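Step one of this worksheet: look at the structure below.
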Amino acid sequence: MKTNNILLHTCCAPCLVYVHEKLDEMNVSFDTYFYNPNIHPIKEHAKRLSTLRDYTSMYNLSLIENDEFLQEKWENGFKCEDCYKIRLDKAAQYAKLNDYKAFSTTLLVSIYQNHDLIINICNELEIKYDIEFMYHDFREGYRKGQNKARELGLYRQKYCGCINSYNSSNFKEKINWD
Ligand code: SF4
């Protein structure tokens with residue numbers, strides 16, 4: 001029997017792949033929670049969400065969607081810290097209101113995100129909402145997860161998410177929004 005139902009803030013399907021595998025191995029049950037208003041432009045937001053829908057239905061995982069799209073905040077100077085905070089705050093709040101045992105995030109699998117900053121923010125949210133933050137350093141499986149995502153044919157984004165990261169991406173021409 002699985003234990004510890006957690007709400008897993010999920011940034012995208014490719015990052016979920018290894019976290020899903022690891023949580024299964026740890027016998028931890030979870031619901032995925034998509035809240036990423038940082039993903040711009042809207043076509044990219046829709047693409048990442050639809051890829052996540054495909055993945056979760058493939059594995060019969062539950063997906064809770066909040067499809068709010070906010071580009072103005074990032075255009076007006078939102079930084080990575082604000083970006084983590086707005087997403088993780090919403091996840092922690094939702095977890096508390098809906099009686100989850102804990103919350104966590106797939107952002108912890110990425111070798112490109114500021115891991116320590118994410119931990120600090122989650123520790124603060126743990127106190128703010130009186131809900132446990134489930135920490136694991138999923139970066140151990142980053143490459144494995146990305147390789148599996150490639151094998152599954154999942155859409156793998158070419159930039160972090162916000163309009164600023166899109167504008168500075170060297171791979172814009174490779175983006176496939178079909
Ligand atoms: S680079 Fe990534 S983490 Fe930083 S603000 Fe943009 S989307 Fe958010």
Side-chain angles (χ1 to χ4, degrees), residues 6-20 22 30 32-56 63-95 103-126 128-129 133-143 145-146 149-150 154-177:
I6 68 161
L7 187 74
L8 180 66
H9 167 263
T10 303
C11 58
C12 62
C15 284
L16 175 59
V17 172
Y18 177 73
V19 179
H20 173 200
K22 188 68 191 179
F30 63 94
T32 59
Y33 180 73
F34 182 89
Y35 177 64
N36 300 290
N38 58 310
I39 301 170
H40 316 139
I42 193 77
K43 279 187 173 178
E44 177 74 10
H45 186 275
K47 184 77 176 175
R48 293 193 202 182
L49 177 53
S50 80
T51 306
L52 181 59
R53 282 183 190 139
D54 291 345
Y55 181 85
T56 51
L63 168 61
I64 299 151
E65 297 181 18
N66 180 331
D67 63 0
E68 189 172 34
F69 174 76
L70 302 170
Q71 192 166 312
E72 240 173 57
K73 287 185 188 292
W74 276 262
E75 285 169 338
N76 291 331
F78 250 29
K79 301 284 184 255
C80 296
E81 184 171 1
D82 306 308
C83 182
Y84 297 145
K85 276 185 180 163
I86 194 171
R87 294 187 278 163
L88 295 168
D89 188 284
K90 192 77 88 180
Q93 185 184 41
Y94 187 94
F103 75 101
S104 193
T105 175
T106 56
L107 291 169
L108 293 169
V109 79
S110 174
I111 59 173
Y112 298 108
Q113 302 295 341
N114 186 332
H115 199 85
D116 291 341
L117 182 54
I118 293 165
I119 293 172
N120 288 343
I121 290 168
C122 288
N123 285 337
E124 285 170 12
L125 291 170
E126 188 172 43
K128 180 178 176 184
Y129 290 111
F133 162 49
M134 198 222 81
Y135 174 71
H136 182 84
D137 190 350
F138 296 106
R139 292 176 298 183
E140 65 204 4
Y142 178 74
R143 296 283 171 215
Q146 292 296 316
R150 191 181 297 110
L154 299 179
Y155 172 67
R156 293 163 62 247
Q157 57 267 17
K158 301 284 182 268
Y159 61 102
C160 189
C162 65
I163 196 67
N164 307 313
S165 60
Y166 169 73
N167 286 333
S168 56
S169 169
N170 294 325
F171 299 100
K172 273 198 263 189
E173 72 284 358
K174 292 189 179 169
I175 293 168
N176 170 15
W177 284 324

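Hydrogens, waters and symmetry mates play no part in the numbers below; they use all other heavy atoms, side chains included. These numbers were taken from a predicted model, which means no experiment stands behind them. Each ligand, and each atom within it, is numbered from 1 in the order the structure gives.
- The shortest distance between side-chain heavy atoms of Arg53 and Phe34 does not fall below 4.5 Å.
- For atom 2 (Fe) of ligand 1, protein N/O/S neighbours under 2.8 Å (waters excluded) are Cys160 SG.
- In this structure a side-chain-to-backbone donor-acceptor pair under 3.5 Å is present from Asp137 to Arg139.
- For Tyr155, there are no ring-ring contact (aromatic ring centres under 6.0 Å, His included) partners at least two apart in sequence or on another chain.
- In this view, Lys47 satisfies the side-chain hydrogen bond (donor to acceptor under 3.5 Å, both in side chains) rule with no residue, not counting sequence neighbours.
- Within the structure, ligand 1 has Trp74 among the residues with a heavy atom less than 4.0 angstrom away.
- Within the 3.5 Å criterion, the main-chain N or O of Lys85 finds no donor-acceptor partner in the side chain of Asp89.
- Partners of Phe69 by ring-ring contact (aromatic ring centres under 6.0 Å, His included), not counting sequence neighbours, listed by chain and number: His40, His45.
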